[in-house]
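This report refers to the structure that appears directly beneath it.
Quick note on labels: first sequence line is chain A, next is B, and so on, each numbered from 1. Bear in mind that the values here come from a model prediction, so they are computed numbers and not experimental data.
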2 protein chains.
Amino acid sequence: MTTRGPSLRADARRNREAILDAASELFARRGESVQMDEIAERAGLGVGTLYRHFADKQALRAAIIGRRFEAMTSLARSAEQIEDPWTAFETLLYGYLESAQPDAAFRFALLGPQEPSWGEIDAEKTAFAAIVERVVQRAIDAGHLRTDFQASDFVLITRGAMANMTGREDWRRHLTLQLEGIRAADR
Amino acid sequence: MTTRGPSLRADARRNREAILDAASELFARRGESVQMDEIAERAGLGVGTLYRHFADKQALRAAIIGRRFEAMTSLARSAEQIEDPWTAFETLLYGYLESAQPDAAFRFALLGPQEPSWGEIDAEKTAFAAIVERVVQRAIDAGHLRTDFQASDFVLITRGAMANMTGREDWRRHLTLQLEGIRAADR
DNA sequence: CCATAACATGAACCTGAACTCCGGTTCCGG
DNA sequence: CCGGAACCGGAGTTCAGGTTCATGTTATGG
């Protein structure tokens, strides 16, 4: 998926990038409602070209989401490098949410019912989850998180916060409240 | 809005109810994607009849959501009657969420971007909020909730829980965690 | 029981947005 | 510099689903 190989003419590759960029931008800002013609125009291309690169709208959307997940994984990877377990955890959590905030398409993809055919994304998702697992475990071992905290709770927390990304910065308040319920009892 | 008056033929009133019931059922289960023809069929009526009673699909949706909000308000009213402040709070919280759980349309209406033209619903929403305000305040005064808890936090918590209503019962776990962050520190 | 206004019906209509298709254009190895 | 394979453009096609309206049906007061 990533290194698609050499067999792609130079202009084709350039256009593919342009499409991805334009679509990212628009999907991020307006979510579901953007239409193919708009994306084409913003990319400075014809609609036909979009369909040369992606089977249908759904496939394009999936590619975008996949891209974002790759970014999330690399974010997680760098957070994992941080020495202090709690700082690592917080960095991951805030980094994840702050990346999600401006991307309505991504948030919606996670909050709405999951589509079928997102098989490829699931793989990336798993990679991300594995890193979260480790960061969480480290925070628990260091005595910063409740011992009964699960990696799956990370998902609950983040979904909760994302649900409150409506215009304002309410989600930060919500996250703070949630963190209180998550920390180890002794402080 | 509620007592629309006498000027409505008996069969018309009956049909209106049938439409509302059918639409509630379908919207609740399948959210946005139901189509007018389906609703008509399930109500045992023709599509034209739907349009006699509701200007368009959006209006029908709004009527349904409004109805649910009325139910929520009456739920809140009865929770408010409970003696013990904490029990009242918990009853309201769980009652609200358990009602929301089977109703995808309602949840989606709250989680998605709010449509315009839902002015009438906002009124009902305000009534609900007023009751929440009182129940929350009582729980704070009784020393069960953090003193810095806001009525608006009720919204954050419930949105968070609703975001985790995906098939399983994850939201209960999430709510438990959230409650830990919400309770008064002294326990 | 009638007259008639209110109501119901659903096939046809219309809209908008995804997708196709083929004539024209561009890249690239030789 | 050339041939042709790969690629692009965007007007036109298709189709799903919301909405209308001419025709038929039913409730209700007198």
- Within the structure, does a side-chain N or O atom of A:Asn15 lie under 4.0 Å from either OP1 or OP2 of D:dC8?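 So the side-chain polar atoms of A:Asn15 do come within 4.0 Å of the phosphate oxygens OP1 or OP2 of D:dC8, strictly under.
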- Query: What does nucleotides 24-30 of chain D look like as a protein-contact string, B for base, S for sugar-phosphate only, - for none, at under 4.0 angstrom between heavy atoms?
  - Reply: --BSS--
For [X] versus [Y], what's the shortest heavy-atom pair and its separation?
{"X": "B:Ala100", "Y": "B:Phe106", "value": "CB-CD2, 3.9 Å"}
{"X": "B:Ile65", "Y": "B:Ala109", "value": "CD1-CB, 3.7 Å"}
{"X": "A:Leu60", "Y": "A:Leu20", "value": "CD1-CD1, 4.1 Å"}
{"X": "B:Leu111", "Y": "B:Arg159", "value": "O-NH2, 3.6 Å"}
{"X": "A:Ser33", "Y": "A:Glu38", "value": "O-OE2, 4.3 Å"}
{"X": "A:Arg138", "Y": "A:Ile82", "value": "NH2-O, 3.0 Å"}

Measure the distance from [atom1] on [X] to [atom2] on [N] and round it to the nearest whole Å.
{"X": "B:Ile39", "N": "C:dG10", "atom1": "CD1", "atom2": "P", "result": "16 Å"}
{"X": "B:Asp56", "N": "D:dG17", "atom1": "CG", "atom2": "P", "result": "17 Å"}
{"X": "B:Asp37", "N": "D:dA16", "atom1": "CG", "atom2": "P", "result": "13 Å"}

- Quantify the bending of the helix from C:dC1-D:dG30 to C:dG30-D:dC1 as the angle between its end axes, each fitted on five pairs, to 10°.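 For the helix from C:dC1-D:dG30 to C:dG30-D:dC1, the axes at either end differ by 20°.
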- Message: According to side-chain hydrogen bond (donor to acceptor under 3.5 Å, both in side chains), does anything in residues 94-113 of chain B pair up with another residue at least two apart or in another chain? List the pairs.
- Response: B:Arg68-B:Asp103, B:Glu98-B:Arg172, B:Gln101-B:Glu169
- Query: side-chain hydrogen bond (donor to acceptor under 3.5 Å, both in side chains): which pairs involve residues 47-62 of chain A, sequence neighbours left out?
  - Reply: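 Checked against side-chain hydrogen bond (donor to acceptor under 3.5 Å, both in side chains) - neighbours excluded - the pairs reaching residues 47-62 of chain A are A:Glu32-A:Arg61.
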Between the protein and nucleotides 13-17 of chain C, which nitrogen or oxygen pairs come in under 3.5 angstrom?
{"from": "C:dA17", "atom 1": "OP2", "to": "A:Gln35", "atom 2": "OE1", "distance (Å)": "3.4"}
{"from": "C:dA17", "atom 1": "OP2", "to": "A:Gln35", "atom 2": "NE2", "distance (Å)": "3.3"}
{"from": "C:dA17", "atom 1": "O5'", "to": "A:Gln35", "atom 2": "OE1", "distance (Å)": "3.4"}

- Does the ring center of B:Phe149 lie less than 6.0 Å from the ring center of B:Phe154? no
- Query: What do the steps show when you test A:Trp86 against A:Leu145 for side chain to side chain contact (heavy atoms under 4.5 Å, CB included), and what is the final call?
  - Reply: CA-CA 8 Å; A:Trp86 180 250; A:Leu145 280 179; 3.8 Å; yes
- Task: Identify, residue by residue, the members of residues 41-55 of chain A with a heavy atom below 4.0 Å from DNA chain D, and return them in order of residue number, or none.
- Result: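 Going residue by residue through residues 41-55 of chain A, the ones with a heavy atom under 4.0 Å of DNA chain D turn out to be A:Gly44, A:Leu45, A:Gly46, A:Val47, A:Gly48, A:Thr49, A:Arg52, A:His53.
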- Hydrophobic cluster membership, B:Val155 vs B:Leu93, 4.5 Å side-chain cutoff: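 Each belongs to a different hydrophobic cluster.
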- Salt-bridge contact A:Glu17-A:Arg67 (side-chain N to carboxylate O under 4.0 Å):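 Here A:Glu17 pairs with A:Arg67 in a salt bridge, since their nearest N and O are under 4.0 Å apart.
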- Are more than 12 heavy atoms from other residues, nucleotides or ligands located less than 6.0 Å from atom CD of B:Glu41? no
